[in-house]
Amino acid sequence: MAKKKIGIIGGGISGTALGYHLSLYDGEAEVIVFEKDTIGGASTAKSAGTVCLFDDSLKNRYWDVRLYGFESYLKMEEEEKGSAGFDKTGTLVVATNEEVEKVIKTGIALAKAAGYTGEYITDKDRIKEILPDISTENILGAGYTADDGYFDGTMISNTYAKKFQKNGGVVKTGVKVTEVVVENHKVKGLKTDDGAEYEFDVVVDCTGPWSKFTGEMVGLDVPIWHTKAEAFFLCPPGKKLNYTFPVLKYPEFYGLRAGDNIFICKSHLSMDLSNPMHAGQWDPDKLPATGGTDDYFIDFLLDQLEAKVPGIVDSGLVSSWLSYRAEPKDFWPILGETPVEGYMLSTGYGGNGVIEAPAATRDLAKLIMRGESTPLLENWAFKRLL
Amino acid sequence: MNIAVLIKQVPVSNDVSVDPETHALVRASSEGMINPADLNAIEEAMVLKEQTEGKVVVFTMGPPDAEKALRDAMALGCDEACLITDRTLAGGDTVATARVLAAAIKKYGQFDLLLGGALSADGATGQVGAMVAECLDIPHIVEAMGVKYDRAGADRIVAVKKFHDKKLSIRCALPAMISFNFGCNEPRLATLRTKRAAKSKPLVTYTNAELMLPLDQVGIAGSPTTVVDSFSPKMGRKARMLEGTPAELARKLRDLIEEEKGK
Amino acid sequence: MANGICVYAESYKGKLEPVAAELVSAAKEIQKTTGERVQAIVLAEHAEGIAAELERLGVEEIYAVNAGRDCSQQDDAVSQAVTEMLRRIAPSSVLIPATPEGRSIFSRAAMKLGCGMTADCTEVLAGTKEDGSYYIKQNKPSYGENVFVTIITRDGFYPQMMTVRPGVYTAQEAAEGGQAKIVYFDDIKVGDSKIEVIEEAVAEAETGSILSAEVVVVGGRGVLEDDNFGLLEKFAEKVGGAIGGTRPMVDSEMIPFNHQIGQTGLTIRPKICISFGVSGAIQHTEGIKDTKLFVAVNTDEDAAIYGAADYGIAADLKDVLTEYLAL
């Protein structure tokens, strides 16, 4: 039986996870991943990699997706320590109002059901024990688990890529796709900037913030917006913390440790899409590796930290970066078939790529290889946006 | 001690290439930052400020958005800033640039010490510091590792400099110009508070209306040297792979290292 | 008419610096086209020995000033004397080593003469103008070697002054029987200087700060196995380098966080960087910039690091390190 030929554009978390899942259909597929730069080097590299079992950045409606991602990476770590870059710092999710408190408690219930620990702490002294630099004024309590932490999206992408290659997959780095060949409204293959041409039955767009441009190659309007993920690296006063900084989540921002430094990022859901400072359609190729944050972010962060984590507000600013979270207006990913036959999407993960990619690409691989859909694919289908 | 620090705003990334047709520079991003060696100069200035009284004024010549570099410098502790910006002053070579900086310093006020980074990350000429010193008729020490100041000898400063395999202590009368090598100290970091405070520190802008330099002395018109061609070397900076047994490879590696060290 | 290709004969403690021989070579290349005399200027405490060395290199005209004292670092006074020499010699071009001394002295001279100076040329070529006269095309890298530019000194500005990168031109070989016109400017003095060297000590080996290290050895995942880190440490000692590492090395506590290189750690700018077992995922290569020599050792031929390095060695780092230490 002829092997199915699949071309994947983009070697970030989405593309490498998809390549891996496809390679599990032993001998049935010929898959090539095309990455114009380095594996997991673009949006994925700027991802915080947090899981946050009690959080609502990925609504609890999709708890199973979050859990699947978490457990996939734990298994990766079991196979080879460090291959997912797991730093098990524990996570503290702060409840600043009753609505948030409810979500956290739901998260704890779900986490416990899956066999993980979790508790909702109202004893402010205990909260301060976990994170001495926090201010417990104006908070109702906090959810805490020691089982959680953060991963490294770039390491994970490289691990997926290696496993994919071991299963016969081909990875081409430093190669840019310049044209997707379409005949009679059906994808035939693609061309790359080194002059090569490939034949494919299916081409999948895993290019995240570039998806609009990638879609133009087949005349498809992919309704991706970019929201800004602004982040700072802080060097704590005294240069070193004498405690393990947990993943820290507030509705407005989140933080985690990065070596001896602290990484702080503005949260997703506090973005105002109608504010051109927060959301727009930009060119990800013009994003610098470091710097690029807007001025207002300094004031924002100063006010937030002064009120909430005053112990670190006088940290040194080591560096900053800006990344684009790519997603459609309803904030859900876009997966699967499009009006162009053979052209599929695995994009719009909007800052949750690391946690969503394993489940999403597992299902997408099944769709590609068997034509079988799943409730997840149906919820996140492209046609909902038409 | 009144100190002037000269800084340059350089691209965050040296990831630039030349458009083969227009010969224009193609930048991956327009993001700018303070030249890394200048951060070392600012750090030296801050230490001196802590030891003496007086103020630190930071200068830069550039497009209007170079104000960002000045605000970043003030977030590190510089007290005042001077932005020199004017189309007619732009595009100059090191000579034309040095004339402008010297004029701005002269206009701004009296300084005991001028500090700067030894080389910039983009142009890397290492010339402007000494040229500014020449324009102001003051002595200079470039590519230093640090300075020491002694209240007892208030009109002098001692710079430490590596030269050949020696470490020299060099005494210099003030006023003087001193430039520092990248990495010679650990620059302090700005904080959120100092960044906010920097927004309201005094910043003065000079155009040529204030400096009144003759047009044949500044900018492109005032540059004795000019760029007539530019190109990017072959794309894709792929490493040249070395071949051989581990012993041969080790020898080749040693030769490469020794050769580079000798340069 | 300005005439002559003049080389600055940089010397140290009475001996001609090797780079001067390279510049003589470059001058002789230009001479093939323009037919000008190859000249040299010497300014030293005792210039005689240096002048003799220059004569053996085939320099045709040597202009010297005996400073009568060690005027090293006194570039305010030295530049004054050198400028006066150049005014008298009136060469059409001046080739200066792109060294701290060359830059320091001649930046001032270039400003005094208003002639400008091009920095760090990797190639100097004679070009011919429409009217048949000659000029020098000064080729040099910019933006950390990503862009190469050709610079010229505009009409009416003399001399054409440029610093030339050491190690690019092959040194002219010395030969006996050279005949040079040697001129001593007895009336040009190195005047008083506001600068004084008060102490000269032996420079200690670089310790501590990885940021100021000229040589950095970076270890990645591959170093975590066996006693590879021990080998890396010995290698670093042998080449006189500081040790940096990517995140896995810090996570396993082999190196402290303040030696972590990469997007979440430090950005280093050493002259020489040798990496072992570093794959080159972006958060690592973003931490190494503007190196003059970058060699990566990684068994994976397709490792991304080879996109950033100048040379690659696709071999087992343990073997390479063991062999290197045996050298």
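Within every chain, numbering begins at 1; the chains are lettered A, B, ... in the order of the sequence lines, protein sequences first and strands thereafter. Keep in mind that what you see is a predicted model, and the values were worked out from it rather than measured.
For the options Asp120(C), Asn139(C), Val239(C), heavy-atom pairs under 4.5 Å to chain B are most numerous at Val239(C). Counting heavy-atom pairs closer than 4.5 Å to chain C, the top residue among Asp122(B), Thr226(B), Leu168(B), Val95(B) is Thr226(B). Chain C forms more heavy-atom pairs under 4.5 Å with one residue of Ser179(B), Ala173(B), Ala118(B), Cys135(B) than with any other, namely Ala173(B). Ranked by heavy-atom pairs under 4.5 Å with chain C, the list Pro139(B), Ala130(B), Cys172(B) is led by Pro139(B). Chain B forms the most heavy-atom pairs under 4.5 Å with one residue out of Ala110(C), Ser72(C), Ala119(C), Ser107(C), and that residue is Ser107(C). Annotation: maximal heavy-atom pairing with chain B below 4.5 Å, among Ser142(C), Ala98(C), Ser104(C), occurs at Ser104(C). With chain C as partner, the option from Gly129(B), Ala96(B), Ser223(B) having the largest number of non-hydrogen pairs under 4.5 angstrom is Ser223(B). Taking Val295(C), Ile152(C), Val149(C) one by one and counting their heavy-atom pairs under 4.5 Å with chain B, the maximum is reached by Ile152(C). In terms of heavy-atom pairs under 4.5 Å with chain C, the best-connected choice from Ala124(B), Gly183(B), Ala250(B), Pro224(B) is Pro224(B). Comparing Thr94(B), Leu249(B), Leu253(B) by how many heavy-atom pairs each has under 4.5 Å with chain C, the most go to Leu253(B). Counting heavy-atom pairs under 4.5 Å between each of Met117(C), Arg108(C), Glu301(C) and chain B puts Arg108(C) at the top. Residue with the most contacts toward chain B among Leu321(C), Asp76(C), Ile313(C): Ile313(C) (heavy-atom pairs, distance under 4.5 Å).
Contact annotation for Ala201(C): both backbone and side-chain heavy atoms come within less than 4.5 Å of a heavy atom of chain B. At a 4.5 Å heavy-atom cutoff, Tyr158(C) makes no contact with chain B through either its backbone or its side chain. For a residue to count as touching a neighbouring chain, one of its non-hydrogen atoms must lie under 4.5 Å from one of that chain's; by this rule Ala176(B) does not touch chain C. Both the backbone and the side chain of Ile198(C) come within contact range of chain B, judged by heavy atoms closer than 4.5 Å. With a 4.5 Å cut-off on non-hydrogen atoms, Thr322(C) does not touch chain B at all. Contacts between Phe157(C) and chain B at a heavy-atom distance below 4.5 Å involve the side chain alone, from C-beta outward. Using a 4.5 Å cut-off between heavy atoms, Glu22(C) makes no contact with chain B at all. The parts of Arg251(B) that come within reach of chain C are both its backbone and its side chain, each placing non-hydrogen atoms under 4.5 angstrom from that chain. Heavy-atom distances place both the backbone and the side chain of Gln127(B) under 4.5 Å from chain C. Heavy-atom distances place both the backbone and the side chain of Val147(C) under 4.5 Å from chain B. With a 4.5 Å cut-off on non-hydrogen atoms, Val215(C) touches chain B through its side chain but not through its backbone. Neither the backbone nor the side chain of Val132(B) comes within contact range of chain C, judged by heavy atoms closer than 4.5 Å. Contacts of Ile138(B) with chain C are made by backbone atoms alone, with heavy-atom separations under 4.5 Å and no side-chain atom involved. Residue Lys252(B) does not touch chain C at all, counting heavy-atom pairs closer than 4.5 Å. Only the side chain of Ile274(C) comes within contact range of chain B, with at least one heavy atom under 4.5 Å from a heavy atom of that chain.
Remark: Lys148(B) does not engage Glu199(C) in a salt bridge, criterion side-chain N to carboxylate O under 4.0 Å. Between Asp229(B) and Lys137(C) no salt bridge is recorded (no basic side-chain N to carboxylate O distance below 4.0 Å).
Residue pairs meeting the ring-ring contact (aromatic ring centres under 6.0 Å, His included) criterion with at least one partner in residues 124-166 of chain B, sequence neighbours excluded, are Phe163(B)-Tyr12(C), His164(B)-Tyr12(C).
Judged by distance alone, with hydrogens and angles left aside, the side-chain atoms of Asn228(C) form no donor-acceptor pair with the main-chain N or O of Lys318(C) at under 3.5 Å. Although no hydrogens or angles enter the test, the distance criterion places no donor-acceptor pair under 3.5 Å between the side chain of Glu258(B) and the main chain of Asp255(B). Tyr306(C) places no side-chain N or O within donor-acceptor distance of the main-chain N or O of Tyr311(C), the cut-off being under 3.5 Å. Judged by distance alone, the side chain of Asn181(B) and the main-chain N or O of Glu143(B) form a donor-acceptor pair under 3.5 Å. A donor-acceptor contact shorter than 3.5 Å is absent between the side chain of Gln74(C) and the backbone of Glu196(C). Checking side-chain atoms of Asp319(C) against main-chain N and O of Pro246(B) turns up no donor-acceptor pair under 3.5 Å.
Residues Ala315(C) and Val320(C) share a closest heavy-atom pair of CB-CG2, 3.9 Å. Thr83(C) and Ser79(C) make their closest contact through OG1-O, 2.6 Å (heavy atoms, listed as atom of the first residue, atom of the second, distance).
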| message | For a side chain to side chain contact (heavy atoms under 4.5 Å, CB included) check, start with the C-alpha distance between Met162(C) and Val124(C), then their side-chain angles and the critical distance, and finish with the verdict. | response | CA-CA 9 Å; Met162(C) 60 213 77; Val124(C) 290; 3.5 Å; yes
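Atom CE of Met161(C) is separated from atom CD1 of Ile136(C) by 12.5 Å, given to the nearest 0.5 angstrom.
Side-chain atoms of Ser193(C) and Gln73(C) form no donor-acceptor pair, as typed in the model, at a separation below 3.5 Å.
Counting heavy atoms from C-beta outward, Val10(B) and Met33(B) have side chains that approach closer than 4.5 Å. Using a 4.5 Å heavy-atom cutoff, the side chains of Thr125(B) and Ser120(B) are not in contact.
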